[in-house]
Novice: 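Dumping the structure here so I can ask a few things about it.
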Amino acid sequence: MHATSIVNAFRVTTLFCVATLSMCSVGCGKKSQPNTETPAGAPAQPSSTSAQPAAPVAPTGPVPSFSAANKVGLYAYPGKGQSHDQQLIDEFDCYNSAQQQTGVNADAPPPQPPSSADVQAAQAQAADAAPQQKGGRARGAARGAVGGAVVGGIAGNAGTGAAVGATVGTVRGGRQQRKANAAAKDQAAAQGGAQVQQQYQSQKAAYDQQMNTFKRAFSACMDARGYSVK
């Protein structure tokens with residue numbers, strides 16, 4: 001009986017040791033494994049494989065030294081992240097394309113308004129070309145002679161009255177003729193100056209219409225390339 005108790009006690013001790021060794025092995029294995037879980041509430045770490053920003057695209061051709069949009073009074077804004085150099089290239093290409101499509105030479109300067117010297121020259125030329133009355137003195141003399149003769153006849157000397165009337169009529173006729181001719185010159189001069197201004201306004205309107213057509217073609221080309229033009 002005593003021997004049986006000893007054997008049973010030995011078995012129990014052996015089982016206890018085996019269980020203890022098994023638990024130690026499991027615990028050590030868990031400690032040796034790295035903790036890859038992110039604690040709750042902790043910020044996410046950036047992934048080394050996240051997408052990097054794309055590098056700027058190299059210009060597709062020689063870069064112009066000026067902005068073609070600014071040259072015609074427009075402003076272009078890139079809508080697809082185009083670089084400044086690429087924008088200058090696109091503006092130059094659309095500038096040439098708009099000229100070919102519209103036939104408008106955008107490099108041509110606008111018409112200049114007439115200077116005061118130009119207006120004065122036009123006025124003087126028109127005044128010189130104004131029609132002038134002639135024969136006013138003769139007509140005045142004839143009318144004066146008739147009237148003088150009537151008056152002279154009443155006074156008993158028709159011949160003297162006619163002579164005096166003719167002299168007065170000549171002076172009066174000449175004065176009226178000069179007055180009429182001066183008025184004609186003034187009117188012609190005013191018309192000549194107005195005509196110069198009207199010619200400029202007509203040329204300016206035609207130029208503005210051509211440039212508006214050019215700007216629409218330029219803007220359409222830039223819009224197709226991803227720019228906003230104002």
Side-chain angles (χ1 to χ4, degrees), residues 56-137 173-230:
V57 179
T60 57
V63 181
S65 60
F66 65 94
S67 170
N70 296 161
K71 187 176 181 179
V72 292
L74 296 174
Y75 297 91
Y77 302 90
K80 296 182 178 180
Q82 299 93 327
S83 66
H84 177 67
D85 289 346
Q86 184 61 48
Q87 178 174 335
L88 293 179
I89 294 173
D90 291 334
E91 289 181 6
F92 186 74
D93 291 344
C94 287
Y95 188 89
N96 292 333
S97 176
Q99 288 196 129
Q100 293 176 358
Q101 291 182 357
T102 63
V104 176
N105 181 14
D107 296 328
Q112 297 298 317
S115 63
S116 58
D118 295 333
V119 175
Q120 291 175 0
Q123 290 174 341
Q125 183 177 2
D128 291 340
Q132 298 292 288
Q133 295 182 5
K134 297 180 180 181
R137 290 169 60 87
R175 183 171 59 248
Q176 291 176 345
Q177 178 176 293
R178 289 191 298 271
K179 185 177 180 180
N181 289 340
K185 284 181 175 291
D186 291 342
Q187 183 179 4
Q191 292 176 349
Q195 186 176 5
V196 171
Q197 295 290 349
Q198 291 174 356
Q199 289 177 350
Y200 164 71
Q201 294 296 335
S202 178
Q203 293 173 356
K204 183 66 167 55
Y207 174 83
D208 291 342
Q209 183 177 3
Q210 290 180 347
M211 289 305 300
N212 288 335
T213 300
F214 175 88
K215 290 178 181 179
R216 288 198 300 269
F218 176 85
S219 299
C221 177
M222 291 293 288
D223 289 343
R225 299 191 180 202
Y227 296 88
S228 176
V229 182
K230 301 295 183 182

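Quick note: numbers below take in every heavy atom, side chains included, and nothing from hydrogens, waters or symmetry partners. Keep in mind the model is a prediction, meaning the values are calculated, not measured.
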Novice: Show the nearest heavy-atom pair for residues Gly192 and Ala122, with the distance to one decimal.
Specialist: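 What the structure gives for the nearest pair is O-CB, 3.8 Å.
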Novice: Measuring only between side-chain heavy atoms, which start at C-beta, is Thr102 closer than 4.5 Å to Phe218?
Specialist: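 Result no, sub-4.5 Å side-chain heavy-atom pair not found.
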Novice: About how many Å separate CG of Asp93 and CG of Leu88, when rounded to the nearest 0.5 Å?
Specialist: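 With rounding to 0.5 Å, CG (Leu88) is 11.0 Å from CG (Asp93).
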Novice: Which atoms form the tightest heavy-atom contact between Val229 and Met222, and what is the distance?
Specialist: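 Taking every non-hydrogen atom into account, CG2-CB, 3.5 Å.
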Novice: Shortest non-hydrogen contact from Pro62 to Ile89?
Specialist: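 Nearest heavy atoms, Pro62 then Ile89: O-CG1, 3.4 Å.
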Novice: Between Lys71 and Asp107, does a side chain to side chain contact (heavy atoms under 4.5 Å, CB included) hold up when you go through it step by step?
Specialist: CA-CA 9 Å; Lys71 187 176 181 179; Asp107 296 328; 2.8 Å; yes
Novice: When you compare the side chain of Asn70 with that of Tyr75, does any pair of heavy atoms fall below 4.5 Å?
Specialist: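 Yes, at least one pair of side-chain atoms sits under 4.5 Å.
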Novice: Nearest 0.5 Å, what's the CD-NZ distance between Gln112 and Lys204?
Specialist: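 One finds 10.0 Å between CD of Gln112 and NZ of Lys204.
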Novice: Could you tell me whether the side chains of Asn96 and Gln100 share a donor-acceptor contact shorter than 3.5 Å?
Specialist: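 Judged by distance alone, the side chains do not pair up.
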Novice: Other residues, nucleotides and ligands only: do more than 12 of their heavy atoms fall within 6.0 Å of CD on Gln197?
Specialist: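 Above 12, so yes.
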Novice: Without hydrogens or angle criteria, can the side chains of Glu91 and Gln87 be said to hold a donor-acceptor pair below 3.5 Å?
Specialist: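 A donor-acceptor contact under 3.5 Å links the two side chains.
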Novice: Atom CG of Asp128 and atom CD of Gln125: how far apart are they, to the nearest 0.5 Å?
Specialist: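 The CG atom of Asp128 sits 8.0 Å away from the CD atom of Gln125.
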Novice: Distance check, rounded to the nearest 0.5 Å: Arg225 atom CZ versus Gln86 atom CD?
Specialist: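 Taking CZ in Arg225 and CD in Gln86, the distance rounds to 8.0 Å.
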Novice: Which heavy atom in Phe92 sits nearest to a heavy atom in Pro64, and how many Å separate them?
Specialist: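 In this case the closest contact between Phe92 and Pro64 is CB-CG, 3.7 Å.
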Novice: State, to 0.1 Å, how close Val104 and Gln210 come at their nearest heavy-atom pair, and which atoms those are.
Specialist: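 Scanning both residues, the minimum pair turns out to be CG2-O, 3.8 Å.
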Novice: How long is the span from the CG atom in Asp223 to the SG atom in Cys94, to the nearest 0.5 Å?
Specialist: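 Taking CG in Asp223 and SG in Cys94, the distance rounds to 9.0 Å.
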Novice: Okay, side chain of Ser202, backbone of Gln198: is any donor-acceptor separation there less than 3.5 Å?
Specialist: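 Looks like no, no N/O pair under 3.5 Å.
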Novice: Minimum heavy-atom separation for Gln82 and Lys80, please, with both atom names.
Specialist: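 Taking every non-hydrogen atom into account, OE1-N, 2.9 Å.
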Novice: As a test of understanding, state which of Gln203, Gln199, Gln201 forms a side chain to side chain contact (heavy atoms under 4.5 Å, CB included) with Pro111.
Specialist: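 Of all the options given, the one that passes is Gln203.
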